[in-house]
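Please see the structure below; I have some questions.
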Amino acid sequence: MDAIIIVLVILVVLVVIALVQTIQVIQQASAAIVERFGRYTRTLNAGLNIVVPFIDRIRNRIDLREQVVPFPPQPVITQDNLVVNIDTVIYYQVTDARAATYEVSNYIQAIEQLTVTTLRNIIGGMDLERTLTSREEINAALRGVLDEATGKWGIRVNRVELKAIEPPTSIQDSMEKQMRADRDKRAAILQAEGVRQSEILQAEGAKQSEILRAEGDAKAAALRAEGEAQAIRTVFEAIHAGDADQKLLSYQYVQMLPKIAEGDANKLWIVPSEIGEALKGLGGNLSKFANGGGGGNEAPPQSLDKSVPPQQQPRVD
């Protein structure tokens, strides 16, 4: 009786184990490789799957989602014999679970080594300056090589990124000094341009001010000249309208002499040649008055004012 119970228990356990091995639940975005007697049979997709217990075996479960793998810094020698450390990040996705299982033993390690060798080939043909400024070019070249090589492994490389490019410490110091010198140079150029622009604006302002002042002076002189010309025309017309004779003109000429002599700074007098004729006519009139002839009741001219000092009277040689 006890032996029967033990046999029944063993059978129940075997049935449970068989059921567990028969029913396989595969998660979404995953795949499983099934082998029968060590040989590939099929690939289980997401959902409920039935396998033969004790005959079929799950070899590998593979995640089909996109994976991100960062690789440690790798020393790479540039074309100008400088060693730089480059960090890379690979974005890949398994597209064929069977190929990823049987075509390569460890596709993560294979991708890493392929990335290092490809990166050394690409950077070896560039100098340091081009390496630092050509990340997009390096990414594109690296992705093309990796995508072509990993295609037969059932892996698609979606993206390759260079996290950091670190040149040697001495080169970093030199680059920092160079950048500081460039910044100082640009600052000095900008300051000089500012000073130059300020001086140009000031000169333009002074020029404009001088032009406006000159235009104002020219307009004022023109207005003064026009006013003087109008005054002369008015006096000329008044004289002609009054029909003035030579006596009156001589009298007015002599009357203006004291005004010409005003001021202590007058050291030299310029006597026009016409004043001789005026004085000659005036002398003739005065002689007529002195002799009592021809003058009649005419009064002597009032131009010879005694208030004018004798030393300022004009002398006629």
Side-chain angles (χ1 to χ4, degrees), residues 26-33 40 43-46 58-183 186:
I26 307 301
Q27 300 294 329
Q28 182 66 34
S30 298
I33 302 299
Y40 170 77
T43 300
L44 302 181
N45 296 320
I58 302 298
R59 166 70 184 272
N60 191 13
R61 293 178 183 267
I62 298 177
D63 193 345
L64 300 180
R65 295 175 296 179
E66 185 174 11
Q67 304 293 320
V68 181
V69 180
F71 295 143
Q74 300 294 330
V76 181
I77 301 176
T78 61
Q79 188 178 16
D80 46 0
N81 296 325
L82 294 175
V83 179
V84 295
N85 293 323
I86 300 180
D87 295 349
T88 56
V89 178
I90 303 295
Y91 296 81
Y92 74 93
Q93 186 176 10
V94 177
T95 58
D96 188 351
R98 177 184 176 279
T101 303
Y102 295 106
E103 296 296 334
V104 61
S105 61
N106 188 338
Y107 56 83
I108 298 296
Q109 185 178 4
I111 292 175
E112 180 180 1
Q113 295 303 319
L114 182 60
T115 301
V116 172
T117 54
T118 305
L119 195 60
R120 287 176 179 173
N121 292 333
I122 296 174
I123 300 300
M126 298 181 178
D127 55 10
L128 178 60
E129 184 176 358
R130 185 181 174 189
T131 301
L132 295 174
T133 58
S134 304
R135 291 198 177 192
E136 292 297 331
E137 181 181 353
I138 297 173
N139 292 340
L142 190 59
R143 179 180 178 275
V145 174
L146 290 176
D147 197 22
E148 182 180 359
T150 58
K152 63 180 181 179
W153 300 341
I155 296 173
R156 182 178 67 246
V157 177
N158 297 325
R159 192 171 182 182
V160 180
E161 291 292 340
L162 301 182
K163 290 176 59 178
I165 302 176
E166 298 180 358
T169 306
S170 59
I171 301 299
Q172 292 182 12
D173 295 338
S174 300
M175 293 173 61
E176 184 177 356
K177 293 179 181 179
Q178 182 180 0
M179 288 187 294
R180 188 182 299 112
D182 290 339
R183 286 194 296 267
R186 288 195 297 268

- [ ] Drop me the distance from D182's CG to R180's CZ, to the nearest 0.5 angstrom.
- [x] 11.0 Å

Task: Sub-4.5 Å side-chain heavy-atom contact between T150 and Y107 - done: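 T150 does not reach Y107 side chain to side chain.
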
Task: Heavy-atom pair of closest approach, residues I26 and S30 - done: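 Smallest heavy-atom distance, with atoms named: CG2-O, 3.7 Å.
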
TODO: Would you give the length of the straight line joining atom CZ of R159 to atom CG of L142, rounded to the nearest 0.5 angstrom?
DONE: 13.0 Å

Task: Heavy-atom check, side chain of L64 versus side chain of V94, under 4.5 Å - done: yes

TODO: Would you indicate whether the side-chain heavy atoms of I165 and V76 approach each other to under 4.5 Å?
DONE: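 No, every pair of side-chain atoms sits at 4.5 Å or beyond.
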
- [ ] Step by step, work out the side-chain contact (heavy atoms from CB on, under 4.5 Å) result for D96 and T43.
- [x] CA-CA 10 Å; D96 188 351; T43 300; 5.9 Å; no

Open item on the list: Are R59 and Y40 packed together at the side-chain level, in the sense that at least one heavy-atom pair is separated by less than 4.5 angstrom?
Closed with: no

Task: Check: R61 and Q27 side chains under 4.5 Å, non-hydrogen atoms - done: no

Task: Distance, nearest 0.5 Å, that separates OG1 of T78 from CG of D127 - done: 7.0 Å

Task: Residue that, paired with I90, satisfies side chain to side chain contact (heavy atoms under 4.5 Å, CB included) out of N158, L114, L146 - done: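 Going through N158, L114, L146 one by one, the side chain to side chain contact (heavy atoms under 4.5 Å, CB included) with I90 is satisfied by L146 alone.
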
Open item on the list: Whether the side chain of Q74 engages the backbone of P72 through a donor-acceptor N/O pair (distance < 3.5 Å, no angle test) should be reported.
Closed with: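 Present.
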
Report, one line per pair, each donor and acceptor closer than 3.5 Å where one atom sits in a side chain of residues 82-89; sequence neighbours left out.
none

TODO: Drop me the distance from N81's CG to L128's CG, to the nearest 0.5 angstrom.
DONE: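 Going from the CG atom of N81 to the CG atom of L128 covers 11.5 Å.
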
Open item on the list: Tell me if the CD atom of Q93 is crowded by more than 12 foreign heavy atoms within 6.0 Å.
Closed with: yes

TODO: Applying side-chain contact (heavy atoms from CB on, under 4.5 Å), run through F71 and V116 and close with a yes or a no.
DONE: CA-CA 9 Å; F71 295 143; V116 172; over 6 Å; no

Open item on the list: For I77, is the CD1 atom crowded, meaning more than 12 foreign heavy atoms sit under 6.0 Å from it?
Closed with: no

TODO: Any chance you could measure E136, atom CD, to E161, atom CD, to the nearest 0.5 Å?
DONE: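 Nearest 0.5 Å value for the CD-CD distance: 6.5 Å.
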
TODO: Indicate yes or no: at least one non-hydrogen side-chain atom of I138 is less than 4.5 angstrom from one of M126.
DONE: yes

Open item on the list: Quick one: does any side-chain atom of N139 pair with a main-chain N or O of R135 as donor and acceptor, under 3.5 Å?
Closed with: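 Pair found, side chain donor or acceptor close to backbone of R135.
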
- [ ] Compare every heavy atom of A46 with every heavy atom of A29, then report the nearest pair and how far apart it is.
- [x]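 Closest approach of A29 to A46, heavy atoms only: N-CB, 4.5 Å.
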
- [ ] Evaluate whether atom CD of Q113 has more than 12 neighbouring non-hydrogen atoms of other residues, nucleotides or ligands under 6.0 angstrom away.
- [x]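 Count over threshold, so yes.
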
- [ ] Can you see which heavy atom on I155 is nearest to which on Y92, and at what distance?
- [x] CG2-CD1, 3.8 Å

Open item on the list: Between N121 (side chain only) and T117 (backbone N and O only), is there a donor and an acceptor less than 3.5 Å apart?
Closed with: yes

